[in-house]
Number of protein chains: 2
Amino acid sequence: MATPAATPASSRREQILAVAAQLFARHGFHGVSIADLGAAVGISGPALYRHFPGKEALLSELLVGISEHLLAGGQARAARTEDPHELLAALVEFHADFAHREPELIVVQDRDLANLPAPDRRTVRRLQRTYVEIWVDALQRAHPGLPVDAARTAAHGTFGLLNSTPHAGRSPEAAALLRRMALASLRSLS
Amino acid sequence: MATPAATPASSRREQILAVAAQLFARHGFHGVSIADLGAAVGISGPALYRHFPGKEALLSELLVGISEHLLAGGQARAARTEDPHELLAALVEFHADFAHREPELIVVQDRDLANLPAPDRRTVRRLQRTYVEIWVDALQRAHPGLPVDAARTAAHGTFGLLNSTPHAGRSPEAAALLRRMALASLRSLS
DNA sequence: CGAGCCTGTTAGCGGGCGTTAACCGGTGGT
DNA sequence: ACCACCGGTTAACGCCCGCTAACAGGCTCG
């Protein structure tokens, strides 16, 4: 169903994860069967259980991985950058870069959160919340007097803007454009 | 499962559609059963077939309705407003207003498009494309020399920003903030 | 050589869900 | 008074899907 020889060098596990990301992004978690996933990597059906305990575990690993990656990147930037405006620019670039390189993950991320088993969902939400707080903090330092709610709204809005990559071309110019728009919108917080 | 006496004055049909929007937004199309939908309006299970030919028909009506509404609103503004900057402001306000009033529809719109039966999906996509073209046209007139692809990317980015309402508070200030950010990001197209 | 794990296979079970069938009370028009 | 339709009900069918069971081939290591 998807290109079989897509991922160049990867163990079965990673290959399955990659193909799952694509299929989940295209058809949604419930729109993809175990058999579909197997077929997409050239094995068939229940062989997946040799690598993952179940279908939900696939989704968990994808979503936890994404939110951990974002949080780690955000924390790294926050640690190494003092000036809040500079930090915001770094955050925008980091997030835009991720969204540009992995549009399928972006799609799965906020489409299928609800399909996670409850404990993993809590984990992901906690990671996401922490990531958002990095942005909120930077925004409030960059724009003194900005209320928390406003900062949170602005952060989510910026994510929405940058996460529009699935609807945009994959060209570097598109990514650059979105970065510029994001920075401009953040500057407008006065 | 949802508040039963929610919609004040409405025929069964509209009540079902409203509740379907909420449930689809919360759990995804495949995550909601016919029985769930029935229960949420106080009837049980197959009684829905007295009002709709099937589950997919519900989704179709929702999504076609949304895209028709957006297109109609966009066309109305485009018809009555000459100046492209003024038009963009009107479009931003219109879109922001819709996203702010119907966050569930926003969610369903781009989450469950793939679950539409093919003909309706084509219909919705055509309507969406036409709506986007209104924005693209206004953007190109407002920013001479802006390439089409860039305009399209900018339009989708702005949608992403404005459509972040499901993650934002429902306060009017949040909506106003998103509008301001959108306008600022559009101005940055130089 | 042989034991055992690793990674596949196919067959089958069980549950859930969309949909259809068959039935029924109330209401409004002739 | 009756008939027909409208909007419900419950029962049942059939499919699809996640998952388990049972089995098999090849690789490695003692």
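The chains referred to below are lettered A, B, ... by the order of the sequence lines, with proteins before strands, and numbering in each begins at 1.
- Between the side chains of A:Thr123 and A:Asp120, not a single donor N or O lies within less than 3.5 Å of an accepting N or O.
- In this structure, a donor-acceptor pair under 3.5 Å is present between the side chains of B:Asn163 and B:His95.
- The distance between atom CZ of B:Phe52 and atom P of D:dG7, rounded to the nearest whole Å, is 12 Å.
- With hydrogens and angles left out, the side-chain atoms of A:Arg125 and A:Gln128 include no donor and acceptor closer than 3.5 Å.
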Response to the item:
Once base and sugar-phosphate atoms are separated, protein heavy atoms under 4.0 Å mark nucleotides 6-18 of chain C, 5' to 3', with B, S and - as -BBBBB-----SS

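- Partners of B:Asp97 under the salt bridge (charged side-chain N to carboxylate O under 4.0 Å, His left out) rule, at least two apart in sequence or in another chain, are B:Arg101.
- With B:Tyr49 as the aromatic partner, B:Lys55 does not meet the cation-pi criteria of under 6.0 angstrom to the ring centre and within 45 degrees of the ring axis.
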